[in-house]
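Chain letters run A, B, ... following the sequence lines, proteins first, then strands; residues in each count from 1. Since we're looking at a predicted model, the values are computed, not measured.
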Amino acid sequence: MRFSVPWRYLVKRIIERIILLIVIINFLFLIIYIIPIYVAHLNPAEFYVPLSYKGLSRSTEVEAIDREFGLNQPIFVQYIDYVKNMLTFHFGYSLIYDEPVSKIILQALPVDLIILVPSLILSTVFAIGLGLFSAVRFGRLSDSINTFFAILTYFIPGFWVLIIFLQIFGFQLGLFPTNIAQALISPSGAPLHGWAYIAGLIKFSIAPIIILALLAYGVRMALTRSYGVESMGSSYVTYLRAKGIPERSVVYKHVMRNAIIPAITRTGIDFAFVIAGSVFVEDIFGFYGMGELLYRSALTFNVQILGDAFYILSLYVIVVLLVLDFIYPLIDPRVKYE
Amino acid sequence: MNRLVNQLLHRKAFLISLVILLFFIFIASAANYLTPYKDPYTITSEQHLAAPYSIPIWARIFPQYSKYPPNTNMDLKSPLILGNGSESFNGTAYTVELKPSEYENLSFPLSWNYQYPYSFSISFIAIPHGQAAQINVLLKQQNKTYFLESFVPSADQILYTYPTCPLSMGKTNSITISSESLSSSNSPYVSTLPGNERYIASAILPQLIFKPGKYSVIISIENIGTSPLKVYIYQPKFSAVGRAYGILGTDNNGASVFAEFVLGARFDLEIAAIATLIIVGIGLIFGLVAGYVGGKVDLFLNALTDFFLTIPGLPLLITLETIFVVSGLILKIGIVPLLIAIIGGLSWMGTMKIIRSVTLSVRSRTFVEASKALGSGPFRIIRKHVLPNILGVVFAQIAYDVPVVILTESGLDFLGLGITKFPTWGNMLGYASAYTSPANGFVWWWVLPPGFAIIFLSVALYFIGSTLQDVLSPYKVRGE
Amino acid sequence: MIEAEKISVEFKSGDRKINAVKEANITIGDGESIGLAGESGSGKTTLGKSLLALVKPKEGKVLWNGKNVFKIKGKDLKNFRRENQIIYQDPFDSIDIRMRIYDVISEGLTVQGFSKQEQREIIYSALKSVGLNPPEAYSNAFPTQLSGGQLQRVAIARSIVLNPKFIVADEPVSMLDVSIRSGILQIFQDMKEKGTSSLIISHDISTLAYVVDKIYIMYLGHVVEYGTTQQIIEKPLHPYTQALISAIPIPEPNHETEIKLVETNEPVPPKGCPLYPRCPFRKNVCLDNEPKMTEVEPGHYVSCHLY
Amino acid sequence: MSSLNSLEISSLSTYYTTKRGYLKAVDKVSFNLPKGSVLGLAGESGSGKSTIVNTIFRVLPKNAIVKEGSIMFNNEDLLKMNLNFFRKEISWKKISWIPQGSMSILDPVYTVKSQMIETINAHEDISRAEAMEIIYKSLKAVNLPDDVLNKYPHQLSGGQKQRIVIASALLLDPEIVVADEPTTALDVVVQAEIVKLIKELQKQRGFSMIFVTHDLSLLAGVSNYLAILYGGKLVELGTTEDIFKDPLHPYTQMFLKAIPDIRKWKERKLYYIPGELPDLISPPKGCIFNPRCPLAGGICKESSPGLEEVSKGHLVACYFARGGKRND
């Protein structure tokens with residue numbers, strides 16, 4: 001099949017996303033620098049410096065911090081430095097964690113993918129399967145029940161279900177490990193290695209993966225269903241039937257392709273925001289990903305890490321959305337790219 | 001109008017949802033009448049109403065909970081009198097007259113049908129007249145007797161080998177024997193317990209003593225002086241702090257979960273209502289302006305909306321809140337208005353997009369242009385044509401945004417980043433999960449109600465919203 | 001009375017600009033009834049709407065009693081709206097189905113400041129004059145209770161209550177069944193007798209021929225020919241007009257229609273004649289130069305290099 | 001079944017169930033399609049013409065039921081056939097359909113080529129190369145360049161889509177083609193091109209055709225026979241010539257008069273049928289046309305006239321049509 005690269009469309013998208021990134025950096029500068037330091041007149045040392053560090057005196061620490069972050073410079077110099085640092089990923093050194101900030105973030109980032117990405121894939125499978133099931137049975141009781149449950153999942157607080165699940169199946173029945181640390185050590189207390197490590201990881205992640213998938217499939221299921229129903233009633237389906245195309249083909253080739261495009265598109269967007277919503281599952285199951293990093297930074301008022309982690313999350317969203325812009329024309333031939 | 005009401009009332013899902021919504025509105029608005037408590041989180045007198053983690057009263061229909069005691073408070077009556085003195089009862093007081101070395105036991109029957117209570121206490125007022133008296137309080141079950149406490153005048157205490165408590169002769173002694181205050185220093189029984197049990201006696205006494213069965217509370221009075229003794233005993237009472245309490249049991253502080261639930265309902269609904277007004281207000285204005293005016297205004301508003309849609313919401317919420325706390329600005333604003341402002345200010349984008357798209361679709365319909373051709377100005381067109389046609393969507397958005405606010409706010413409260421000092425459904429869940437542990441078991445009466453309330457309320461609002469949209473929208477609007 | 005001078009309208013569709021109308025001139029005199037014909041996408045609706053300042057052109061102006069209609073404001077604009085009305089193709093779309101018929105028709109009167117007492121009488125007589133009898137019954141109905149033909153009559157009533165001097169009718173009958181079309185057209189003829197001038201836009205030149213005095217032909221945003229109905233129908237000059245007329249099906253058995261245009265996928269030349277790719281008579285000059293409007297006989301203008 | 005007819009529809013009634021009761025979209029309609037000829041099926045909105053087409057192809061919506069009647073093809077009733085057999089062996093192979101090619105008749109997410117190959121493969125077990133051969137041939141027949149094959153439906157113009165729909169209908173060389181409003185929503189010049197193309201293809205290949213349209217003047221140049229529908233009933237049936245020269249039913253007469261004829265523009269006299277279309281859920285008693293009919297007499301409000309042959313091959317359902325027998 002011939003496919004021409006839609007250059008204009010792509011260039012336009014790239015420019016749009018870059019503008020967005022710059023706006024976000026400015027926005028962050030406003031809330032991380034301007035508001036605490038210039039509006040609330042807060043001493044930046046309050047959130048950059050631990051109370052004691054390697055026996056240095058407090059004033060030496062503060063001076064060092066001022067030098068490192070350029071806090072003694074005029075504000076526009078700080079601004080330019082900030083933008084530069086963000087774009088080059090120079091996040092500096094966290095005295096509180098005693099580690100470079102970029103290292104802390106890099107450690108947290110992949111942890112999410114173990115659970116969140118498989119659950120996203122699983123929920124897409126649920127969404128498409130159940131959505132098509134309902135679309136084909138539109139108006140019948142089985143459709144109504146199926147749709148009702150999908151709607152119900154929109155509103156179930158995820159943290160609530162996770163707690164109940166953890167309580168009953170984790171603590172009371174002991175069916176699965178209740179936190180990742182427990183999952184990755186052997187009964188004797190030694191850390192697992194090799195296959196046993198992977199097996200432990202799988203055993204630990206399978207429950208949250210399934211729960212998260214069940215909590216997340218609803219919106220896309222409803223999308224699949226509504227487009228499926230529309231497709232079932234469309235004139236091209238009538239035409240296909242008249243052409244003698246077998247019903248199986250009509251449903252599984254034509255209706256399905258038309259119905260899943262919006263769900264797939266939506267999955268892409270959910271993928272972009274998947275880490276952003278991971279705080280609860282990480283907190284409850286005790287694994288240390290980006291969500292937990294943000295959460296703990298918030299609890300300890302660690303503004304430095306908070307701002308940088310937030311920037312990385314936004315950047316991740318922008319990059320994923322940009323990749324999606326490139327993929328959409330391949331999935332849906334109707335995406336306008338002129 | 002009647003036609004609309006008629007259509008609405010013919011939809012079962014709508015009716016059921018309406019009943020659920022009205023139920024919650026009722027609970028919220030009648031909160032002050034449903035519970036005497038104001039804030040079980042900070043007012044300590046509203047805590048310890050029953051044992052921590054008390055089950056709801058009605059849960060005793062389940063076999064595993066059937067013997068859990070409720071709070072008990074009873075006057076002790078019709079004592080069995082044993083001894084060699086004389087006694088009389090005038091309706092309020094027992095008068096015991098004893099010659100030297102005589103004694104008299106008032107043995108009040110107590111029938112206990114439950115498992116052990118959280119704590120118990122026996123109280124009465126004793127006014128001894130004479131030289132010296134010893135008053136012993138015992139609890140007897142069949143052939144086992146627990147010598148709880150012994151009262152003698154201070155001067156006589158050295159005569160005894162077991163712990164005794166002071167008794168003032170010729171004065172009013174308010175005597176209270178509470179399982180929580182019994183220790184090896186004041187209770188003969190406790191002092192006989194093995195060492196390890198002795199130290200935690202106040203916690204385990206009820207368990208050691210109470211099983212279902214017949215007990216007697218014995219107030220034993222003995223004349224240990226040399227002249228005649230006359231003792232008045234008033235208002236003998238037995239009370240127990242139960243392990244089954246109220247409609248929804250208690251939390252880790254022994255505070256009423258029902259009170260928290262009801263107060264939380266009111267608070268959540270109030271916050272949700274205000275934040276939803278902000279969300280729909282911003283969404284409606286931006287959406288209408290962007291959709292109706294179009295052109296560069298639309299471009300700008302749409303870009304602004306896309307910006308807010310692109311930055312990850314929950315992390316932004318957390319970051320913003322922290323900044324406000326760190327910078328101390330929160331002290332000037334207060335956490336509740338700040339939460340409402342942040343949630344409202346970060347949740348309007350979806351509503352704006354939908355209002356914009358329906359406004360665009362109404363605006364593109366010929367009747368709008370026809371109205372313009374008749375000489376109508378933009379405000380008239382918006383008022384007479386656009387708004388009435390998107391009314392269903394606006395109502396639906398109101399209904400859909402309330403759950404969004406409640407869920408977001410509950411999430412923040414759950415994490416401890418939102419409201420923590422006053423009951424909300426969210427922080428109830430947060431505390432419930434923090435305090436449920438393998439040891440405490442699964443405190444379902446604490447964990448389940450807020451969660452189900454959130455779900456029921458949200459689903460009800462969803463159906464109300466979608467029905468309103470259906471009925472009020474003459475043209476098909478795709479809800480996504 | 002209404003005169004459009006060099007109107008050009010551009011639409012943006014995504015990133016693409018579409019020239020809906022290009023340098024079109026049109027004049028509608030008092031009491032005149034003009035037809036505007038062309039295929040879909042030829043810009044006839046856009047031109048009609050720009051006459052009423054409902055579409056903003058990129059260039060050009062429309063003069064109404066000497067005033068540029070795109071610049072007038074306030075009271076002048078209100079008067080302009082009252083005197084110049086439009087009727088749309090799709091009555092189901094042009095009427096807000098949330099309103100009762102009475103309110104639909106009264107909207108213009110309210111906007112123009114008629115009192116409630118005045119309105120009732122005007123509305124009833126308008127309903128009668130468009131053939132909706134008894135008016136009391138119709139005015140209480142909701143649009144969903146009426147058929148397309150009846151709704152189109154309501155739409156006309158809504159316009160004529162203002163007693164306009166000029167009406168643009170955008171394909172007023174193309175959505176309706178053939179058997180009732182003439183009933184609607186009859187109303188236009190009645191209005192014409194009362195001195196109302198009109199611009200009737202239609203892709204169906206045979207229907208137009210029955211009701212209008214002059215016909216303008218548009219092709220891809222250009223006015224390519226105009227003249228009296230007789231001149232256009234009986235002596236079409238532009239190859240496109242000729243093709244348009246010869247393609248009309250004739251209700252007579254075994255009548256063969258002629259197809260006078262070439263089928264092609266060639267693009268339209270940027271500078272030349274818009275018909276160039278399909279024109280059977282094309283010459284080299286047509287590729288590079290846009291033809292100018294010339295008067296071939298009195299009142300009959302054509303824009304083609306053949307003349 | 002007469003061997004002269006390729007399709008015989010008798011007493012066909014298709015109703016839709018609605019909340020208020022049955023909507024009689026098609027009520028006891030009978031007509032034959034003579035072999036090798038073109039039958040024009042004309043009627044305005046609500047006449048039941050598209051319901052007849054949907055009944056033939058057995059693609060009625062869920063709320064429709066065929067109350068009675070048969071559609072005979074080669075001595076077999078299409079309506080009683082096993083649906084899978086009908087889909088595989090009859091539909092498209094023997095009877096194909098040219099719908100209105102507008103907007104959404106083609107699946108938007110597949111290319112023209114893949115939709116055409118799929119159509120062939122649903123019926124014939126042939127190789128891809130052979131299928132492509134057929135496709136190229138049929139594209140040539142409708143004057144389309146080969147490069148449209150790789151396009152998606154949204155990249156095509158209305159005229160191109162219409163040609164693709166025509167090409168698709170002819171892929172398997174059917175005996176009967178049902179052209180269902182094939183030119184509605186097309187411009188006059190393109191309409192003329194498409195009609196000419198269909199006529200030529202019909203002459204070349206000799207298939208029988210039902211040409212469904214609301215535009216009687218189109219049929220004048222296309223069809224051999226005409227069937228006029230009104231409110232779900234067949235009101236007149238005859239050769240095109242007979243009906244145009246000598247319409248018998250008052251509806252046909254008024255319908256023809258209402259069609260503007262460019263040759264007569266100077267007369268400036270417009271005709272129309274007063275009144276509204278009947279409500280098909282609770283139709284008027286008697287003749288369905290009686291509320292709008294200038295000739296209607298007492299009997300017309302009492303009973304519905306049947307189709308009767310007035311002259312050879314010319315049938316009309318009216319008590320008062322010239323030559324028609326009056327029973328009252």
Residue D:Lys49 excluded, over 12 heavy atoms near NZ under 6.0 Å: yes

Other residues, nucleotides, ligands: >12 heavy atoms within 6.0 Å of D:Lys257 NZ: no

Please answer whether the main-chain N or O of D:Glu267 pairs with a side-chain N or O of C:Tyr210 as donor and acceptor at a distance below 3.5 Å. no

Which value, rounded to the nearest 0.5 Å, describes the distance between C:Asp177 atom CG and D:Phe255 atom CZ? 7.5 Å

Okay, C:Ser246 and chain D: the region with an atom under 4.5 Å from a heavy atom over there is neither

Does C:Glu263 reach the side chain of D:Leu197, with side-chain heavy atoms less than 4.5 Å apart? no

Can you name the closest pair of heavy atoms from D:Tyr271 and C:Ser182 and give their distance? O-OG, 2.8 Å

What distance separates C:Leu176 CG from D:Tyr272 OH, expressed to the nearest 0.5 Å? 13.0 Å

For the candidates C:Ile248, C:Leu261, C:Ile184, C:Ile259, which exhibits the highest count of non-hydrogen atom pairs separated by less than 4.5 Å from chain D? C:Ile259

Should D:Glu44 and C:Arg181 count as an ion pair when the cut-off is N to O under 4.0 Å? no

Considering only heavy atoms, which portion of D:Ile243 lies under 4.5 Å from any heavy atom of chain C: side chain, backbone, both, or neither? neither

Between C:Leu185, C:Ile233, C:Ile180, which has the largest tally of heavy atom pairs under 4.5 Å with chain D? C:Ile233

Working to the nearest 0.5 Å, report the span between OG of C:Ser179 and CG of D:Leu277. 6.5 Å

Determine whether C:Ile205 and D:Val188 make a side-chain contact, defined as any pair of heavy atoms from C-beta on separated by less than 4.5 Å. no

Answer key: most heavy-atom pairs under 4.5 Å with chain C among D:Glu241, D:His214, D:Glu193 is D:Glu193

Taking side chain as C-beta onward, heavy atoms only, is C:Pro249 less than 4.5 Å from D:Gln191? yes

Which one of D:Arg263, D:Lys196, D:Gln160 has the most heavy-atom pairs closer than 4.5 Å to chain C? D:Arg263

Chain D contact via C:Thr207 - side chain, backbone, both or neither, heavy atoms under 4.5 Å: both

If we only count heavy atoms from C-beta on, is the D:Leu270 to C:Val211 side-chain gap below 4.5 Å? yes

Checking D:Pro145 against chain C: side chain, backbone, both or neither under 4.5 Å from a heavy atom? side chain

D:Ile259 portion near chain C, given a 4.5 angstrom heavy-atom threshold: both

When only pairs under 4.5 Å are counted, which of D:Lys199, D:Glu276, D:Arg292 shares the most heavy-atom pairs with chain C? D:Glu276

Largest heavy-atom contact set with chain D, pairs under 4.5 Å, which of C:Ala247, C:Ser206, C:Pro251, C:Ser40: C:Pro251

Counting C-beta onward and ignoring hydrogens, is there a side-chain heavy-atom pair between C:Val178 and D:Asp215 closer than 4.5 Å? no

What I'd like to find out is whether the side chain of C:Gln230 reaches to under 4.5 Å of the side chain of D:Lys266, using heavy atoms alone. yes

